[in-house]
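Atoms considered below: every heavy atom in the structure, side chains included; atoms not considered: hydrogens, waters and symmetry mates. Please read these numbers as outputs of a predicted model, since none were measured by experiment. In this chain, numbering begins with 1 at the start of the sequence shown.
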Amino acid sequence: MRAALKQTELRVVNDQFGCPTYAPDLACFLLKLVKTGAYGVYHVTNQGITNWYEFAKEILRQAGIDIPVVAVSSDEYVRPAKRPKNSALDPFPLKETVGSLPPFWQDALSRFLTETQTKECLD
């Protein structure tokens, strides 16, 4: 969001996929998981898979920032470290163990944007 307020357009990769996760949702579900007494490997993320381009567009839409977002490939957006094309995680068996899954990432984003910390981050 800070970059969107300083630039006339954003260039964001559209070929890297993942599951955006809101830390309070992660903490809540980790506590629920601990209370079950279950053990093993669990992937705790907000629901839904997206790429960075679609994520950026949704952030700006929800924040009411209207600038062009241009999709680029990872090859066009050089970073110091190579990023995986797909880092999406499957929440199985979280639902079976806890009884539910965290909300979708779009809902988590909406809640994040209403927090007072968001305003502080942009100052």
Practice prompt. Give a yes or no answer on whether the side chain of Glu115 reaches the backbone of Phe112 with a donor-acceptor pair at less than 3.5 Å.
Written response: no
Discussion item. Ignoring hydrogens, what is the shortest heavy-atom contact between Val13 and Trp52? Give both atom names and the distance.
Written reply: O-CB, 3.5 Å
Discussion item. Would a single hydrophobic cluster contain both Val44 and Leu109, if residues Ile, Leu, Val, Met, Phe, Trp and Tyr are joined by side-chain heavy-atom contacts under 4.5 Å?
Written reply: no
Item to complete: Hydrophobic side-chain clustering at under 4.5 Å (ILVMFWY, transitive links): who's grouped with Phe17? Put none if nobody.
Response: Ile49
Just distance, no hydrogens or angles: give the donor-acceptor pairs under 3.5 Å from side chains in residues 88-103, sequence neighbours left out.
unit_1 : atom_1 : unit_2 : atom_2 : d
Asp90  : OD1    : Phe92  : N      : 3.1
Thr97  : OG1    : Tyr42  : OH     : 3.3
Thr97  : OG1    : Pro93  : O      : 3.0

Solution key, residues 30-41 side-chain donor-acceptor pairs under 3.5 Å, sequence neighbours excluded:
unit_1 : atom_1 : unit_2 : atom_2 : d
Thr36  : OG1    : Leu33  : O      : 2.6
Thr36  : OG1    : Ala38  : N      : 3.1

Worksheet item: With the 4.5 Å side-chain cut-off for hydrophobic clustering, are Ile65 and Val12 part of the same group?
Response: yes
Response to the item:
Applying salt bridge (Lys or Arg N to Asp or Glu O under 4.0 Å) to Arg83 and not counting sequence neighbours gives none
Discussion item. If hydrophobic clusters are built by linking Ile, Leu, Val, Met, Phe, Trp and Tyr wherever their side-chain heavy atoms come under 4.5 Å apart, do Trp105 and Phe29 end up in the same one?
Written reply: no
Practice prompt. Identify the heavy atoms of Ser87 and Gly18 that sit nearest to each other, and give their distance.
Written response: OG-CA, 3.9 Å
Pair up each side-chain donor or acceptor in residues 54-64 with any protein partner under 3.5 Å, not counting sequence neighbours, and list the distances.
unit_1 : atom_1 : unit_2 : atom_2 : d
Glu58  : OE1    : Arg61  : NE     : 3.0
Glu58  : OE2    : Arg61  : NH2    : 2.7
Glu58  : OE2    : Gln62  : NE2    : 2.8
Gln62  : OE1    : Ser110 : N      : 3.1
Gln62  : NE2    : Gln106 : O      : 3.3

Practice prompt. Output every pair passing side chain to side chain donor-acceptor pair (under 3.5 Å) with a member in residues 6-25, not counting sequence neighbours, ordered by first then second residue.
Written response: Asp15-Ser74, Asp15-Lys85, Gln16-Ser74, Asp25-Asn46, Asp25-Arg111
